[in-house]
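Predicted model, so just to flag it, every value in this text is computed and none were measured. Keep in mind that the numbers below use all heavy atoms, side chains included, and drop hydrogens, waters and symmetry copies. Note on naming: letters A, B, ... go to the chains in the order of the sequence lines (proteins, then strands), and numbering restarts at 1 for each one.
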2 protein chains.
Amino acid sequence: MSDTPSADTPEDSQAVAAVLDDLAVLAIRRLSTQSDLSLTATMTLSYLDRNGPERLSVLAARQSVTQPSMTQLVQRLEREGLVCRAADDLDGRAVRVSVTDAGRALLAERRRRRRERLAEMLGTLSPGELRELTRVAGEFLPLLRRLLETTADE
Amino acid sequence: MSDTPSADTPEDSQAVAAVLDDLAVLAIRRLSTQSDLSLTATMTLSYLDRNGPERLSVLAARQSVTQPSMTQLVQRLEREGLVCRAADDLDGRAVRVSVTDAGRALLAERRRRRRERLAEMLGTLSPGELRELTRVAGEFLPLLRRLLETTADE
DNA sequence: GACGGTTGTATAAGCTACCTATGTAAATCG
DNA sequence: CGATTTACATAGGTAGCTTATACAACCGTC
């Protein structure tokens, strides 16, 4: 392994960047076996699942797409029974979107499949490697979450 | 891998699978903020950059898209000056695709931008947090690489 | 060498998923 | 109350994927 870089140098970001790149490869190349839902659709459903019903325009902003794109996506998702729309109580212009049970079930199923695939992949590691990976990944997750939290207020 | 692992490995695998799944989702979120090149375009250019010229059909297989998709993508990339096409010397039917200097420059620029953005994000952390994240990332990287290695399809 | 089967790519048509532009109606503000 | 802003829908366009199809090069067998 490379030398530990000193603090506060540009090299700090190299290992982190490399890890994030590899995790992305993991996500894209190894875990996405299906294309029944686009990334934006997936994240939109996940967001609604976690945060509850939300206005269409807020969803668009959160997913960094334009409002007409989100309008169309929500229409498609509604057609597939994954979300439902309701008028907003406080603003006659607004549409509030919520995830349906079918939407929730689909998210859960996709999550299950991904974790299953990961468990298979992990089976190729030695017990020692697996133990080490468990420890390190467990440490990394809260740190990454914190990093994303502190920069999410955009 | 198909043999039953030791008694506590299944639980370990599932626990770390959940963590890796979360990490993968976070990592892919980070990627979704760029849109001048699609994921497949990016990965195709990267592949050509790293491995040298390749047949169109091989590119399609590597990126898990159909051949007509890859044909169209290569046509678009060629139009943008990022790749060039040549007849294959050994097979009159085949097209060999290679990345141009402009394509290489674009990859480098995108890489630079990603690192820059990450450096900004890291700048929001305290020195202690940064040190910790870097340390853990440094341990994580070889393990992650090994996982990707041992599960490479080809 | 002829022929049938396979392989490699291009093109067409269709759908999703994004964009910008535009329109309509509700809400807000002075 | 009128002007402006806000929230969403619709239209038209491109990218990016799919399947279906067509054509030509290649390969193996007779």
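Contacts between residues 99-109 of chain B and DNA chain C, defined by a heavy-atom separation below 4.0 Å, involve no residue at all. The stretch residues 68-81 of chain A comes close to DNA chain D through A:Pro68, A:Thr71, A:Gln72, A:Gln75, each having a heavy atom under 4.0 Å from the strand.
Between B:Glu139 and B:Arg135 there is a salt bridge, since a side-chain N of the basic residue sits under 4.0 Å from a carboxylate O of the acidic one. Ion pairing between A:Glu54 and A:Arg62 fails under the 4.0 Å rule for side-chain N and carboxylate O. One finds a salt bridge joining A:Asp21 and B:Arg114 here, because a Lys/Arg side-chain nitrogen approaches an Asp/Glu carboxylate oxygen to under 4.0 Å. Between A:Arg55 and A:Asp91, at least one side-chain N (NZ, or NE/NH1/NH2) sits under 4.0 Å from a carboxylate O, which counts as a salt bridge.
Rounded to whole angstrom, the span from the CD atom of A:Gln67 across to the C1' atom of D:dA9 amounts to 7 Å. When rounded to the nearest whole Å, the span between CG of B:Asp88 and C1' of C:dT7 equals 13 Å. Protein atom CG of A:Leu90 is 14 Å distant from nucleotide atom C1' of C:dA26, rounded to whole Å. If you measure from atom CG of B:Leu59 to atom C1' of C:dT9, you get 13 Å, rounded to the nearest angstrom. Rounded to whole Å, the distance from CG on B:Asp89 to P on D:dC26 is 12 Å. Per the geometry, CG belonging to B:Leu82 stands 11 Å off P belonging to D:dG16, to the nearest Å. In this structure, A:Leu37 places its CG atom 17 Å from P of D:dC17, rounding to the nearest Å.
Base engagement by B:Thr66 is indicated by at least one non-hydrogen atom pair under 4.0 Å involving a base atom.
With distances taken from any side-chain atom of A:Ser38 to the nucleotides C:dT9, C:dA17, D:dA7, the minimum falls on C:dA17.
Counting heavy atoms from C-beta on, the side chains of A:Asp101 and A:Leu106 never come closer than 4.5 Å. Here the side chains of B:Leu82 and B:Leu37 are in contact, with some heavy-atom distance below 4.5 Å.
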Which atoms of nucleotides 22-25 of chain D (N or O only) lie under 3.5 Å from a protein N or O atom, and what are those distances?
unit_1: D:dA25; atom_1: O3'; unit_2: B:Gly92; atom_2: N; d: 3.4
unit_1: D:dA25; atom_1: N3; unit_2: B:Arg93; atom_2: NH1; d: 3.1

Exercise. Is there a side chain to side chain donor-acceptor pair (under 3.5 Å) between A:Gln75 and A:Thr71 once you walk through the steps?
Worked result: CA-CA 6 Å; A:Gln75 283 173 354; A:Thr71 298; over 6 Å; no
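No donor-acceptor pair closer than 3.5 Å links the side chain of A:Glu80 to the backbone N or O of A:Leu77. Without hydrogens or angle criteria, B:Ser69 side chain to B:Val65 main chain gives no donor-acceptor distance under 3.5 Å.
Residues A:Pro53 and A:Arg96 come closest through the heavy atom pair CB-NE, 3.7 Å.
Donor-acceptor pairing under 3.5 Å is recorded for the side chains of B:Glu129 and B:Ser126.
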